[in-house]
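Right, one structure below, let's go through it.
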Amino acid sequence: MAKKRVVSATINGEVVEFLCEPRQTLLEVLRDTLDMTGTKEGCSNGNCGACTVLLDGRPVVSCLVLAMEADGSEIRTIEGVARGSHLDEVQQAFLEGAALQCGICTPGFIMQTEALLQANPNPTEEEIRFYLAGNLCRCTGYDKIVRAVQAAAQKRLATT
Amino acid sequence: MATADKRPYKVIGTRPVRHDGADKVTGRAKYGGDMRLTGMLYGAMVRSPHAHARIVSIDTSQAEALPGVRAVVTSADMPAQGDRVVELGEGAANMRHLTANILARDKVLYRGHAVAAVAADNVHIAEQAARLVRVEYEVLQPVMNVLDAMRDDAPILNDDVRTESLGAAPQSPDQSRPTNIAKHFLFEKGDVAKGFAEADLVIEHEFDTAMVHQGYIEPHNATALWNTDGRITIWMSTQGSFTARQQTAELLRVPVSSVKVVPMEIGGGFGGKISVYLPPVAALLSRKTGRPVKLQMSRADVFEATGPTPGSHMRLKLGVTRDGRITAGEAWIAFDAGAYPGSPVGMACMCVFACYDVPHGRVEGFDVCVNKPRTNAYRAPGSTHVAFAIETIVDEICEKLGLDPLEFRLKNASREGTRRVDGPVFPRIGMVETVQAIRDSQHYQSPLAGPCRGRGVASGFWFNVGMKSSVTATVNLDGTVSLIEGSTDIGGTRTSIAMQLAETLGIAAEDVNPTVVDTDSIGYTDVTGGSRVTFATGIAAVEAARDIQRQMVQRAALLWDVDPAAVKYDDGRLLGPAGKQFTFKELAAEIHQTGGPIIGSGTSSSATQGGAFGTHCVDVEVDPETGKVQILRYTIAQDAGTAIHPSYVEGQMQGGVVQGIGWALNEEYWYDDRGTMRNATYLDYRLPTCYDVPMIETMIVEVPDPQHPYGVRGVGEVPICPPPAAIANAIYHAVGVRMRRLPMSPPNLLSEILQRFQD
Amino acid sequence: MHDFDYERPVSLVEALSLMARHNGHARPLAGGTDLIDQMRLGRHQPGALIDVKRIAELNVLAADADGLHVGAAVPCCRIVEQPLVNQQYTALVDSCRIIGGIQIQSRASVGGNLCNSGPAADSTPSLIALQGVCVIAGPAGTRRVPVERFCTGPGQNVLQPGELLVEICFPPRPPHSGSHYRRLIPRNEMDIAVVGVGAAVELDESGRTIRAARIGLGAVAPTPLWAEEAGALLAGQPADDVQFARAAEAARKIVSPITDMRGTREYRIHVTGVLVQRVLRAAVARARGEAFTYLPGH
């Protein structure tokens, strides 16, 4: 059996060390080792986006990243989005805009939206839809998700 | 049931933030897959690589010898069921079939059919061990197509299946030989021959639709603990914790009271998370190991081994007079049930002509076993298939007669008093109002310009059900109310139930704390399905609120020392003689001094809903060189009775439409000739992404259902029914091609376009 | 997933020595978006993964007098942000913008896409059109292979045990040239090409005549194809629809697609011709500096 190794990464601003096997994905370690189950598993083939996290600022599907690849990196997950007990603009917009039904895809959509608004603070509807195409939602038909992203963008633009 | 006060509502119709929202946008909500218990083992399933085979032998010794493996189970560990038929809260089930679907006994009937299961220290070891279970198969010829399976010389899946006749269908002459045709339905109304004789125009076509999946993002999961006292606890994502409990108990042949199902948050279901697959297996593994065991499906397992909706072959005939009055209709509908009987073809038979007043009708349906996974409910089961057939024929009739398709629908629409072909008479319904809403919509009134663009309309029907629900509610000293319910919340129903309780009590939605609890903590509650929760659990919540009202009246009477008859409960206030008054909050603070806790309870069981209708309008653009369709604009009008939380009503409408768009354009189970589904990934199954669809414009029509105190109708299912037909009609008006096969994928549409230009 | 070792070398020499030590049982890991999924499905079971993302040579993304160098581990997201690539190698940008979704593009590399050697790889037709050349390092030194000769079958290529793809280099783009890639997919995003076409054209100063053209085809044969004759037909011809149709006809003749869940053989042959014409039209528009808007998936 391949030897377990210690991996060190900064997760949501905190340095975290964990022991893992080479075959464990970042998704598996987040959920099973670190008990950060906010990052969801929908397909584990990289096709649904439910497990989206930010790795060194870029959005990735954590089911297609080996935990060992994350050594030395900076990771942001859904658990690190709210500031203390305050929701951030994206979370607030999803909540107020009823942009979720079952909610399983929501953490992934929120992380992908964080990445989008970082890269493009004032996206068009077309740009939002293109950027979020790697995140599947089966409940909402996407209408309220796209509107929530628009609302979050406007709120951020208004406050900065 | 008394109808509620006609005052404008204070809570109903508003859009409060849902009660479980904060947990779901922060990742704190615990879904079934998030379950972790001390000492928990991870399981993996062994599944059949063949679509049809006899199991010769199973050798688990190598798997058991792998370090880290704790237990292996096969069907030998499942109790024998005999020929029992059991009512399981979603219809009667043949237990022999149900148990064989959980773990195959002598035969595997579809690729992905579970054969054995392993529990190990981690999921990697479990998967490795699953690969070490040696199963010897005698491969048999599979039958994949519903028409092939109906032939006399077809390979037979189940030796015990004989054709069961329902409705007016004659008894099958041959009950001695096994068959794949499990059920034969026949419904008749009037004199069909006479009806067609009265017609000036008769249109008849055949239609095919592919098997499709609900596509919920969360895979099935179950964590089970079989305790030393014989009590079994299951933590799982399910649409119905009581149904899951009953199925699990029957499959394990233990008393239903020894099983507790703890419903975790559920990541989508659409009908597909009613049947159990994993809980009995996890329970058996737990009994063998003495530890909790968790099982979770892979995405491929979800596609290959859960319960998609059938593929179908249909023949439909409609007769009309020159001025556009329907005279007769006839339908022949065959559904592939998958491996075991139980497709929703009966529902399809009831839905096919339901939008219209058809004076003479005949509908025949067949439930047929094929070597695909056992089908299950999917959002308005059976209705989308038949809407595709009837609504495209209606469009063709309108075109041939030069009639506006909405005026045709208004002329023939089902109304209060219309008798369906299968018998029932409609109460007050809103079909006409949805057609009028689309007719008057900005969308339908605006011109559509541009080459290869077309507009289509279609309507749809779904029954909606009532069934049983329980609610209890406790008044807190601070004037809030804790609401306990058994309906698992799949899309915001905690809030729509809480709002009905709040409205009845005259308090704010935010002052109600709803919680979904396990099967030991609330009265029996049927599944979250059939568009029933906001309707039926809502009725139970209103009853619970009225129970609280009665008790509050008594407490106020006690404090004022008056006869309770002199106290009136009015909009969150208690009014007594001589201007005496308490607000709900004021009196709540006194309850410990006036007799102790106030707990209201409510149940509902008998009410059946009046039915839901929707009419849709869509604009498409077709690429005539590639057959690819873009959805340009989409509007849906739907009768919601009374919309409790309009945002979530709109959300149901929009979500249903986009599922319907997926079904229309690209989704399908694509099988090779060995019966292997070749697209069992999200990548190749192709649910719509947000880049594939426009905003979905919604028009909520409100024709209150008199059977609910606030007039609620279920809204969850009917929105999926019209899209394939509406899109097919739009495609016709764009490029002149009538599509009668789903999906209308680029290759399928292009081949029709090329054929048209050749002809 | 099966059990395997993980190595993360920081130099090319170290990587080659690790590859040698694992003696054909190691696979290089760049973005991993294909490889990790395939390993989970049991399609590949390497004894070790050699993570090449820390090796400088495989992370180069720069132009010099020889042209453009794209290191084999450079993720798509870096390529689409690179100004020179956006100006001159637009087909490559078109490809990199639609490989998977945005999340996949954060990891997936063009080198990995090529080494995975899928017939439907979205970047390979563009690499062929832009005259990409693979630089391969191995125990016996470095060798160069034109992209169109790299893939040898579905999932198969010319890499020998112990060899690594280091970079893909492209000659400088001549003036008055333009390129484009597009594909037909049933959805508008997140899909595998049913047919993919990449083309690069060079026009004369007038912008009316084609000097040279190269066309790459994907998903229509066991490997991505260089439609050499279709391109050659265009040399010296007017850049108009008549000529594009001739090229399309020539391209159709060399394809040998299969019927599968993504499309029928007939459909793929038909769409090859449609896309060749559309892609040539777009490449010419870009070569002329005309405004050209393109919505992926449409």
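Just so we're on the same page: letters track the sequence lines, and every chain starts at 1.
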Could you tell me which portion of [X] (side chain, backbone, both or neither) has an atom closer than 4.5 angstrom to a non-hydrogen atom of chain B?
| X | result |
| --- | --- |
| C:L275 | neither |
| C:R268 | neither |
| C:L41 | neither |

Just verifying a value: how many Å separate [X] [atom1] and [Y] [atom2], rounded to the nearest 0.5 Å?
| X | Y | atom1 | atom2 | result |
| --- | --- | --- | --- | --- |
| B:L665 | C:R187 | CG | CZ | 12.0 Å |
| B:L683 | C:I192 | CG | CD1 | 4.0 Å |
| B:D672 | C:T259 | CG | OG1 | 13.0 Å |
| C:M261 | B:T681 | CE | OG1 | 7.0 Å |

Derivation and outcome, side chain to side chain contact (heavy atoms under 4.5 Å, CB included), residues C:L184 and B:K628: CA-CA 9 Å; C:L184 187 288; B:K628 187 165 168 173; 4.2 Å; yes

Sidechain N-carboxylate O distance under 4.0 Å for B:R686, C:D191: yes

Within the structure provided, determine whether C:L295 and B:Y691 are in side-chain contact (heavy-atom separation under 4.5 Å). yes

Side-chain contact test, heavy atoms from C-beta onward, threshold under 4.5 Å: evaluate it for B:E625 versus C:Q277 and give yes or no.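 They are not in side-chain contact.
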
Step by step, work out the side chain to side chain contact (heavy atoms under 4.5 Å, CB included) result for C:M1 and B:H124. CA-CA 6 Å; C:M1 230 184 291; B:H124 300 285; 4.2 Å; yes

Options C:D260, C:D3, C:V194, ranked by heavy-atom pairs under 4.5 Å with chain B, top entry: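 Most heavy-atom pairs under 4.5 Å with chain B: C:D260.
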
Any idea which of C:R262, C:H2, C:M190, C:E266 has the most non-hydrogen atom pairs under 4.5 angstrom with chain B?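 Going by pairs under 4.5 Å, I would pick C:R262.
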
